[in-house]
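To find a chain, count down the sequence lines: A is the first, B the second, and so on, and within it residues start at 1.
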Amino acid sequence: MAEKVRVRIAPSPTGPVHIGNVRTALFNWLFAKHYGGDFILRFEDTDTARSKDEYAQIIINEFKWLGLDWQEGPDIGGPYGPYKQTEKLDQYRQWADKLVQERKAYYCFCSQEELDQGREDASGRGEVYVYPGTCRNLTDAEKDELLAKGQKPSIRFAVPKGQKIIIEDIVRGNVEFDSDILGDFVIVRPDGVPIYNFAVVIDDADMHITHVIRAEEHISNTPRQILIYEALGFQLPRFAHVSMVLGPDRTKLSKRHGAAFVGQYREEGYLPEALINFLALLGWSPEGEKEIMTLEELIQEFTLDRIAKNPGVFDIQKLNWMNGHYIRQSSDDRILDLSVPHLIQAGFIEGDLSHEKREWLKQVIACIKDHLENVSQVVKHASIFFVDTIVPENDEAEAVLKEETAPSVFSAFLDKMDHLDDFSPEAIQKELKVLTKELKLGGKKVYMPIRVALTGQTHGPELHHIIHLLGIGRIKERMGQILSIV
RNA sequence: GGCCCCAUGGUCAAGCGGCCUAAGACACCGCCCUUUCACGGCGGUAACCCGGGUUCGAAUCCCGGUGGGGUCACCA
């Protein structure tokens, strides 16, 4: 590629960041990095009614959290700004005026009611509504009269008739549209704010975008944009339309499917590298067989020709597996830091942690880390260390406590623990082995009742770790509770 | 409905005319490790949508059908 690659992600700040947007951003970002190009952030906020500054901030925060950085953007500026559409309204207006002068666009005075009526009639006949071009043939005199009366016109693009428009798409190949199905579409609203299809072309041209990589839902807009590029005399970028991210029911992933926004995954304790790795593999695949990949490896291997054409279902199970993998790879300190808010929310700990408490918690984390699919699950797995009363979780657990040999195991166990000077996990483990040997009952008959007595569960971390972390005081307390029942 | 895109196991996917009696991963099942549950290791079940072509040869190319998705705004 002779020219420096310049790509962009252009979200509209009208809501939380969607998973699909993240994947599109990621593909753009990886593409830029792979070819040593620039990745640009731009806000498309021409929908003034729905755009909010707080969402703009959220977008910036989420992308940063994911580790995606941009070389130019609304927050850091750049040579081709502004990077926010509402800040360059007059520029769009100038280009629109130029098109009007060249008769490539025209004023439209049709009212919303007229247009709605037309659409209704068309659907009544089972047809698709195409703007009939009512105002296209207005004479200058008629136009001036309406303007003089104070009517605010929108500006429509005069679509050439009977033209084939071909998108040379990098992932899809040539996609052909007939200009006649487009209808003269609005490019500037009566209030002077440009419509997406118009603004996006001017921005991409202004910012020297070389490759437009975006979701497939935009492909039907592309012919309109190509027409505008041509009318304005701009050079066309290369297009690459990536397929969509689907929910389990194979429709576009949305809030209906539960978690469709990155923020939800962040809050539940998904790691950014897991999300990135997972999303990269959804619709793209590397040449080899490795699937766990660092950002650097992804950059190294990413090319557009390995992007799949078919849409992909967002498989939470695979994300869970991958996230679990990254959690296991992470330090106990990191997972503890991420766990703290969840533990506080569960009422297990208070905000300020003493050094001892933190060290203790870190050991708890170390014990349960292997079991986590996301950090919020610490609450479930760590609860055995925080609850006051132990209740058998199910019939199976209850049955273990009722075993004939259980009471003798308990008293022997308690006696052993009581006389242990060294309460380290290793010493406890050693002592448990001695106990098993002495009782001659086999491992299960010894470990299981103790486990259930101490945690109420038939599964969990290694017993000697549980004992160590609970401490002799709470061991006695819990054993006492159980002994009074059995 | 019009237009556009897509079609390999339940899911993500490799495959780009012979190497395919079709990789790998998740999930599922079994075995091993182990006091339990996980982790880890080993193994297993499971797919080329259908019908026509083209070709010596098709999962791979072409056409049709079917199915799924997207899009049809003075939203982006």
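A pairwise comparison of heavy atoms in A/Tyr326 and A/Glu273 identifies CD2-CG, 3.4 Å as the closest pair. Counting all heavy atoms, side chain and backbone alike, A/Ser339 lies closest to A/Ile365 at OG-CD1, 3.5 Å.
A/Arg224 has no side-chain polar atom (N or O) that falls below the 4.0 Å cut-off from OP1 or OP2 of B/A73. Contact between the side-chain N/O atoms of A/Thr14 and the OP1/OP2 oxygens of B/A76 is not found at any separation under 4.0 Å. Note on A/Asn310: a side-chain N or O is less than 4.0 Å away from OP1 or OP2 of B/U8. At B/G70, none of the side-chain N or O atoms of A/Thr251 fall inside 4.0 Å of OP1 or OP2 (strictly under the cut-off).
Among the atoms of the strands shown, only primed sugar atoms or phosphate atoms (P, OP1, OP2) are found under 4.0 Å from some heavy atom of A/Lys252. At the heavy-atom level, A/Gly442 lies nowhere under 4.0 Å from the strands shown. No engagement by A/Ile292 is indicated, since no non-hydrogen atom pair under 4.0 Å with the nucleic acid exists.
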Scan nucleotides 36-38 of chain B against the protein and return all N/O pairs shorter than 3.5 Å with their distances rounded to 0.1 Å.
unit_1 : atom_1 : unit_2   : atom_2 : d
B/U36  : O2'    : A/Thr458 : O      : 2.5
B/U36  : O2     : A/Arg451 : NE     : 3.4
B/U36  : O2     : A/Arg451 : NH1    : 3.4
B/U36  : O2     : A/Arg451 : NH2    : 3.3
B/U36  : O2     : A/Gly460 : N      : 3.1
B/U36  : O2     : A/Gly460 : O      : 3.3
B/U36  : N3     : A/Arg451 : NH2    : 2.8
B/U36  : N3     : A/Gly460 : O      : 3.1
B/C37  : O2     : A/His371 : NE2    : 3.2
B/C37  : O2     : A/Gly460 : O      : 3.2
B/A38  : O2'    : A/Asp370 : O      : 2.9

Where do N or O atoms of nucleotides 59-65 of chain B meet protein N or O atoms at under 3.5 Å, pair by pair?
none

Polar atoms only, N or O, under 3.5 Å: list the protein pairs with nucleotides 43-49 of chain B and their distances.
none

For nucleotides 25-28 of chain B, give me every protein contact, N/O to N/O, under 3.5 Å, one pair per line with atom names.
unit_1 : atom_1 : unit_2   : atom_2 : d
B/A25  : O4'    : A/Glu291 : OE1    : 3.4
B/A25  : O2'    : A/Glu291 : OE1    : 2.8
B/A25  : O2'    : A/Lys318 : NZ     : 3.3
B/A25  : N3     : A/Lys318 : NZ     : 3.2
B/C26  : O2'    : A/Gln317 : O      : 3.4
B/C26  : O2'    : A/Lys318 : N      : 3.3

Please enumerate all protein N or O atoms sitting under 3.5 Å from an N or O of nucleotides 1-5 of chain B, with distances to 0.1 Å.
unit_1 : atom_1 : unit_2   : atom_2 : d
B/C5   : O2'    : A/Arg172 : NH1    : 2.5
B/C5   : O2'    : A/Glu216 : OE2    : 2.7

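Of the candidate nucleotides B/C6, B/U11, B/C75, B/C6 has the atom nearest to the side chain of A/Pro311. Of the candidate nucleotides B/A73, B/C12, B/A76, B/C12 has the atom lying nearest to any side-chain atom of A/Arg250. The side chain of A/Glu217 lies closest to B/U71 when the candidates are B/U71, B/A73, B/A13.
RNA chain B is contacted by no residue of residues 82-100 of chain A, taking any non-hydrogen atom closer than 4.0 Å. Of the residues in residues 150-167 of chain A, those with a non-hydrogen atom less than 4.0 angstrom from any atom of RNA chain B are A/Arg156.
Scanning for side-chain hydrogen bond (donor to acceptor under 3.5 Å, both in side chains) contacts around A/Gln57 gives A/Asn61, with sequence neighbours left out. Remark: A/Glu398 engages A/Lys402 in a salt bridge (Lys or Arg N to Asp or Glu O under 4.0 Å) (not counting sequence neighbours).
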For residues 152-162 of chain A, which side-chain N or O atoms pair as donor and acceptor with protein atoms under 3.5 Å away, sequence neighbours left out?
unit_1   : atom_1 : unit_2   : atom_2 : d
A/Arg156 : NH1    : A/Asp184 : O      : 2.7

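The distance between the ring centers of A/Tyr270 and A/Phe278 does not fall below 6.0 angstrom. Ring-centre distance between A/His468 and A/Phe423: not below the 6.0 Å cut-off.
Side-chain N/O atoms of A/Asn221 and A/Asn197 include a donor and acceptor closer than 3.5 Å.
Pair assignment for B/C75: none, as no Watson-Crick or G-U wobble contacts are both less than 3.5 Å. The partner of B/A59 cannot be assigned: no Watson-Crick or G-U wobble pair with both contacts below 3.5 Å exists in any strand.
Distance CG (A/Leu253) to P (B/G68): 20 Å, rounded to an integer number of Å.
A salt bridge is defined here as a Lys NZ or Arg NE, NH1 or NH2 lying under 4.0 Å from an Asp or Glu carboxylate O, and A/Arg125 with A/Asp121 fails to meet this definition. Under a 4.0 Å N-O distance rule, the pair A/Lys88/A/Asp203 qualifies as a salt bridge.
Both A/Ser12 and A/Phe314 lie close to RNA chain B; mapped to their nearest nucleotides by heavy-atom distance, the more 5′-ward contact belongs to A/Phe314. Looking at which nucleotide of RNA chain B each of A/Arg306 and A/Leu246 is closest to, the 5′-most match is held by A/Arg306.
The list of salt bridge (charged side-chain N to carboxylate O under 4.0 Å, His left out) pairs with a residue in residues 189-202 of chain A, not counting sequence neighbours, reads A/Arg189-A/Asp191. Screening residues 274-290 of chain A for salt bridge (charged side-chain N to carboxylate O under 4.0 Å, His left out), with sequence neighbours left out, gives A/Lys290-A/Glu301.
In the interface, the side chain of A/Asn221 is paired with the base of B/A76 through a donor and an acceptor atom under 3.5 Å apart.
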